[in-house]
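Letters A, B, ... mirror the listed sequences (proteins, then strands); counts begin at 1.
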Amino acid sequence: RDDVRWDRTRVVMLLMSFVSIGIGWSRIQVRTQRKNSLYRHRLQFESVLRGKRSWSSSETSMNDQKSQSNHGPVVVWFRKGLRIHDNLALASAVKYATQSKSTILPVFTLDPYFLDPEKVGAVRLSFLLESLCDLDLNLKKFGSALLLLKGSPDSVLIDFLQSKNASALYFERDSEPYAKKRDAEIVQLCEKSNVKVFTEHGHTLFDLEYLLKQCTNKKAPSSMPEFLRLMDSVGNPETPLSLERVLGVSNTNEKLDPCLQIPAEYLDSDSFKIPKSLEDDEDLVKSGYRNIDASGAKFKGGESEALLMLESFCKRDSGKAVEQFSKPHTSPCAFDPQSTTGLSAYLKFGCISARRFFHRIVSKAKTQPPVSLVGQLYWREHFYLLGYAHGASFSTMKGNALCRQIDWRTTEEEPDFARAWEEGRTGFPWIDACMRQLRQEGWLHHLARHSVACFLTRGDLWISWEFGQKVFDRYLIDADWSINAANWMWLSCSAFFHQYFRVYSPIAFPKKYDKSGHFVRKYVPELKDIPDKYIYEPWNAPADVQKKAKCVVGIDYPRPIVDHSVASKQNMDRMSIAFAANKESNASTSKTTPPTKRMKKA
DNA sequence: AATTACGTTGGGAAA
DNA sequence: TTTTCCCAACGTAAT
């Protein structure tokens, strides 16, 4: 029997290999064509640098450069993209500055809009400062440096451009609503000040505007299978640039490019210094970052660290970690080290290029998107594209075309539930451990995020996902506007995912990964001596067991704030009502605006 | 038009 | 221990 099956398998495989040769060949043809088109793009890209018209959707087009007499410095404005490798804005600026024999001035503006512990937690701000320091060091290897400007970009950046008589401004486009508005204002002000502005894509695998144009009906895919078809149609992203290659040097010692030599006056001045830590900086302390603990941070910000982490993950388990990577099989309970790459925050700030990450691992993987490592980059791309296409409404329930309208309870209605969840005092060890890890380290495994998000919304507490989104946005070092909003809609069954009867149990779910509760014992130390049997449900431990573990529920550790089996069932009923109501309202809105189909029929 | 297959990662009993 | 099916049953897209 086995032999027969084996033979049949071999025959099938043999046939398939012929077929796949055919497929492979047509793929090669497609790839070649695509390469050509990429190459064409590259040529046009070069021509941008020579002063011709831009092929990309730069906000302002460039006039004939040769007629320009302004040889003032070229300012590169860093916001995300805190790296020198594969930085298209920096690379373009280098070419422009070389042509116009001018100097590059890299700047970062520390925008007071973000300097609020309610918006940006101490751990993420520390990560940013570390990333800025590292970028400064990396620029210094080339004779340059990062200049920090404190204040709102529309005043400090514009003042800087004017006072230095800058000829051009370069930056990487940002798809988030706040950034888009901010950048549009800067472009306008630059036009008035006669500073030319050039923008490049770079934060995502593809230029989002380009991706949107490739979509059928210019509508961003709303499911992963649909998004994968889009990825299939556009092929691989461009290979990453290195600054050395842009400069035409093999190493930094060879020769320092003149356009990157920063005048000594900038290095000597104290006014552009990057604070080493939150407490060291008077302005940050004034903004409220006083007595705020960032010591739990586990990830050190910066490009250098990101590249080391990528390499070390590639070596993990002799390459098997990358080869066999399958997200659902990674553990949310692993913390030393975590089971995933831990690169999310570095991608968020652009300390590492998504394209560099992609090309480093794409040929190694034996698993497929969406569970593979490339799949993880695709999820990021997918949600970035959706956020870009839908704009500001993407992160709110009301006015959001994608989002199911649900009568969640507000934090005002359930202040105790909301606070217990945020502070890790729900009485569910798994939920509390996750929330405490979030607050200490600013990072959680994806599945841990699922658990706590489900618990807050449709699972147990029936509190609005917008509250959860805000809390995540405050504490996560990798807080990413699009990704955060999309995942909160997903987990709360507001969009993308609809199977509301699939609820994560705060007791059963972690048992699959961590039977003895190492994770809980680390982050909720008051439970550390509770026997394995009760680690996820200490209220069920007999009184003498609780006493012996020096953890009496109700005294040393809170009682569970809800009965999970009761609450989750009640919420399923609420969900079914909410789904029906949405169906109803969707039907009535489509009635008021009759579709063209009906016209045809008539 | 009606039906079916599927969706990155649920839980739990039974086999 | 691992796999399979059922729970009560979603929306979307393909057929």
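For A/Asp532 and A/Lys511, the salt-bridge test fails: no basic side-chain N is under 4.0 Å from an acidic carboxylate O. A salt bridge is absent between A/Asp86 and A/Arg356; no separation between the charged side-chain nitrogens and carboxylate oxygens falls under 4.0 Å.
With DNA chain B read from its 5' end, the first of the two nearest nucleotides for A/Ser372 and A/Ser505 is the one closest to A/Ser372. Across the interface with DNA chain C, nearest-nucleotide mapping of A/Lys515 and A/His498 shows A/Lys515 to be the residue nearer the 5′ end. Remark on DNA chain C: of its neighbouring residues A/Ala580 and A/Arg229, the 5'-side contact belongs to A/Ala580, judged by nearest-heavy-atom nucleotide.
Pair check for B/dT9 finds none; no Watson-Crick or G-U wobble contact set falls under 3.5 Å. C/dA9 makes up no base pair with any nucleotide shown, lacking Watson-Crick or G-U wobble contacts both under 3.5 Å.
Ring centroids of A/Tyr536 and A/Phe519 are separated by 6.0 Å or more, keeping the two rings apart. For A/His450 and A/Phe509, the distance between ring centers is not under 6.0 angstrom.
Atom NZ of A/Lys298 is surrounded by more than 12 heavy atoms from other residues, nucleotides or ligands within 6.0 Å.
In terms of modelled atom types and a separation under 3.5 Å, the side chain of A/Ser516 and the main chain of A/His518 share no donor-acceptor contact. Remark: the backbone N or O of A/Ser482 is not paired with any side-chain donor or acceptor of A/Asp480 at under 3.5 angstrom.
Rounded to whole Å, the P atom of C/dA8 lies 25 Å from the corresponding atom of B/dT8. Spacing of C1' atoms, C/dC5 relative to C/dA9, comes out at 15 Å, to the nearest Å. Rounded to whole Å, the separation between the P atoms of C/dC7 and B/dG7 comes to 22 Å.
One can place CD of A/Gln499 at 12 Å from C1' of B/dA5, the figure rounded to the nearest angstrom. Atom-to-atom, OH of A/Tyr536 to P of B/dG11 comes out at 13 Å; the value is rounded to the nearest Å. Nucleotide B/dG10 holds its P atom 12 Å from the CE atom of A/Met572, rounded to whole Å. For A/Leu373 and B/dT8, the CG to P distance is 18 Å, given to the nearest whole Å. Rounding to whole angstrom units, CZ of residue A/Phe496 and C1' of C/dT12 are separated by 13 Å. Atom P of nucleotide C/dA13 and atom CG of A/Leu230 are separated by 15 Å, given to the nearest angstrom. Residue A/Phe497 contributes atom CZ, which lies 9 Å from atom C1' of C/dC10 at whole-angstrom precision. Here B/dT9 presents its C1' atom at 14 Å from CE of A/Met224, a figure rounded to the nearest Å.
Backbone-only engagement by A/Pro225 is indicated by non-hydrogen atom pairs under 4.0 Å involving sugar-phosphate atoms exclusively. No contact: A/Lys511 has no heavy atom under 4.0 Å from any strand. Note on A/Arg458: nothing from the nucleic acid sits closer than 4.0 angstrom, heavy atoms only. Note on A/Val503: only backbone sugar-phosphate atoms sit closer than 4.0 angstrom, heavy atoms only; bases stay farther off. No contact: A/His329 has no heavy atom under 4.0 Å from any strand. Nucleic acid contact class of A/Phe509 (heavy atoms, under 4.0 Å, all strands): sugar-phosphate only. If you check every strand for non-hydrogen atoms under 4.0 Å, A/Arg449 touches nothing.
Distance from the side chain of A/Ala508 is smallest to B/dG12 among B/dT9, B/dG12, B/dT8. Taking only side-chain atoms of A/Val371, from C-beta outward, the nucleotide of B/dT8, C/dC10, B/dT9 with the closest atom is B/dT8. You'll find that the side chain of A/Lys583 is closest to C/dG11, out of C/dA14, C/dC10, C/dG11. In this structure, of C/dA13, C/dC10, B/dT9, it is B/dT9 that holds the atom nearest to the side chain of A/Lys327. In the set B/dG7, B/dT9, B/dG11, the nucleotide with an atom closest to the side chain of A/Arg502 is B/dT9. Proximity note for A/Ser222 (side chain, C-beta onward) versus B/dT9, C/dA9, C/dA13: the nearest is C/dA13.
Applying the 5.5 angstrom centroid cut-off and the 30 degree plane-angle cut-off, the aromatic ring of A/Trp379 is stacked upon the base of B/dT8.
Contact between the side-chain N/O atoms of A/Lys512 and the OP1/OP2 oxygens of B/dG11 is found at a separation under 4.0 Å.
A donor and an acceptor atom sit less than 3.5 Å apart, one in the side chain of A/His446 and one in the base of B/dT8.
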